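Reading through the structure tokens given below for one structure.
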Number of protein chains: 2
Amino acid sequence: MMELTRKGEYAIRGIVYLAAQPAEQVCLLSDIATAVDVPQTFLAKIFQQFSKIGLVRSYRGTGGGFVLGRAPERITLLEVVEAVEGPIVPNRCVTGEGECSRTSTCNAHPVWVNVQEQVRDILAKVTLKELAGNQD
Amino acid sequence: MMELTRKGEYAIRGIVYLAAQPAEQVCLLSDIATAVDVPQTFLAKIFQQFSKIGLVRSYRGTGGGFVLGRAPERITLLEVVEAVEGPIVPNRCVTGEGECSRTSTCNAHPVWVNVQEQVRDILAKVTLKELAGNQD
DNA sequence: ATAAACAGGACATAATTAGTCTTTTAGAGG
DNA sequence: CCTCTAAAAGACTAATTATGTCCTGTTTAT
């Protein structure tokens, strides 16, 4: 239960690598993919998702590549994970889709809400700066 | 991310139903399945898993069925979930399989350990008694 | 014996994950 | 304006996991 998918793992590796680079350093996708050991085409998809929501900025053409969208201390692990894995929802009944209306009062509901909040809270407190700190 | 599977949901529904019955009341699988709206054959698998670790006791033959293995206040949601979903592990690197040795120091590691602990903690504090309380 | 009920294994199907491949779009430089 | 570079986008494929089903056995009460 609760497993981060490989995509999520790759996403973290990739963006942490970017965060560890000097500010405004444009990185080639191919270089990132090699460095963090992720299939380039797969990482491309992930970075496209990052790009759409501004976690990274992309430049096309010669001299192009990727740069972190904001300062590493202003990007949280929660944002990164939710960008590729979708919202953190331990149980469908938390999304309020009416799934839970089986019994009028589902006693488990508040538990899942609690789990969701705690996890989001933990991930929201970790920034890319911390994750990128003192790497080789 | 972090979704409980349907199996996990069914497991909870099924055992909460049992917990809501009068103590030592033997319940037919077919009745439970109908009551909680889960395919009987699927629920059978789930209850087999419960049975193996003593969360429920099973009786075969005429008059057989299932009974809760312990008092409902002594069975936690964590036990139920882990019984069918396996251990709560947000990331492979938490299991210590050496996956994380890509970089000698994975800064994300302590975060996942923290997530794991918090979630287990929350689920461990909820008992079947609470979940079964005042149901229709 | 025999009928009731769970146990266990093999199987089937659908959904999701994990990628790949091809074409398009954008920018830089000659 | 031509071409080369690099990301964007979409269609496609393969592998894995989730979600069941089915059949055969085993236990037990009557």
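What you are looking at is a predicted structure, and each value in this text was computed from that prediction instead of being measured. Below, chains carry the letters A, B, ... as their sequence lines are ordered, and counting in each starts from 1.
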Exercise for review: Round to the nearest Å and state the distance from B/Phe66 atom CZ to C/dA4 atom P.
Suggested key: 17 Å
Check your understanding: B/Arg57: what forms a side chain to side chain contact (heavy atoms under 4.5 Å, CB included) with it, not counting sequence neighbours?
Key -> B/Glu24, B/Tyr59, B/Val67
Check your understanding: In whole Å, what is the span from the NZ atom of A/Lys52 to the C1' atom of D/dA8?
Key -> 8 Å
Check your understanding: Any side-chain N or O of B/Ser58 less than 4.0 Å from the OP1 or OP2 oxygen of C/dA7?
Key -> yes
Review point. For A/Val84 and A/Ala11, which heavy atoms make the closest approach, and how far apart are they?
Key: CG2-CB, 3.8 Å
Point to revise | Polar side-chain atom of B/Glu85 near backbone of B/Thr5 as donor-acceptor pair, under 3.5 Å | key: yes
Practice item. Using whole Å, report how far CZ of A/Phe50 lies from C1' of D/dA8. Key: 16 Å
Practice item. Over all heavy atoms of both residues, which pair between B/Lys125 and B/Glu130 is shortest? Give the atoms and the distance, please. Key: O-OE2, 3.5 Å
Exercise for review: Going 5' to 3' through nucleotides 20-30 of chain C, assign each nucleotide B (protein heavy atom under 4.0 Å from a base atom), S (under 4.0 Å only from sugar-phosphate atoms) or - (no protein heavy atom that close).
Suggested key: B----BBBS--
Point to revise | Side-chain (A/Glu82) to main-chain (A/Ile88) donor-acceptor, under 3.5 angstrom | key: yes
Review point. Between A/Ser51 (side chain) and A/Phe47 (backbone), is there a donor-acceptor pair under 3.5 Å?
Key: no
Point to revise | Whole-Å distance separating the CD1 atom of A/Ile46 from the C1' atom of D/dA9 | key: 16 Å
Review point. Has the side chain of A/Asn107 got a donor or acceptor atom that lies under 3.5 Å from a matching backbone atom of B/Gly133?
Key: yes
Revision key, fill the gap. Smallest heavy-atom separation, A/Ile53 atom then A/Ala83 atom, equals CD1-CB, 3.5 Å
Revision key, fill the gap. Atom CG of A/Leu4 and atom C1' of C/dT17 are separated, to the nearest Å, by 13 Å
Practice item. Nearest whole angstrom, please: distance from the C1' of C/dG9 to the CD of B/Gln49. Key: 14 Å
Practice item. Output the residues of residues 21-33 of chain B in contact with DNA chain D, where contact means a heavy atom of the residue under 4.0 Å from an atom of the strand; sort by number or write none. Key: none
Check your understanding: Hey, does B/Phe47 reach any base, or is it just sugar-phosphate, or nothing, if we go heavy atoms under 4.0 Å?
Key -> nothing
Exercise for review: Establish, with yes or no, whether the OP1 or OP2 oxygen of D/dT19 is under 4.0 angstrom from a side-chain nitrogen or oxygen of B/Thr5.
Suggested key: yes
Review point. Counting only side-chain N and O atoms of A/Tyr10, is one of them less than 4.0 Å from OP1 or OP2 of C/dA18?
Key: no
Exercise for review: For B/Lys7 and D/dA18, give me the distance from atom NZ to atom C1', rounded to whole Å.
Suggested key: 9 Å
Review point. Between A/Gln48 (CD) and D/dA6 (C1'), how many Å, whole number?
Key: 12 Å
Review point. Is there a donor-acceptor pair under 3.5 Å between the side chain of A/Glu79 and the backbone N or O of A/Thr76?
Key: yes
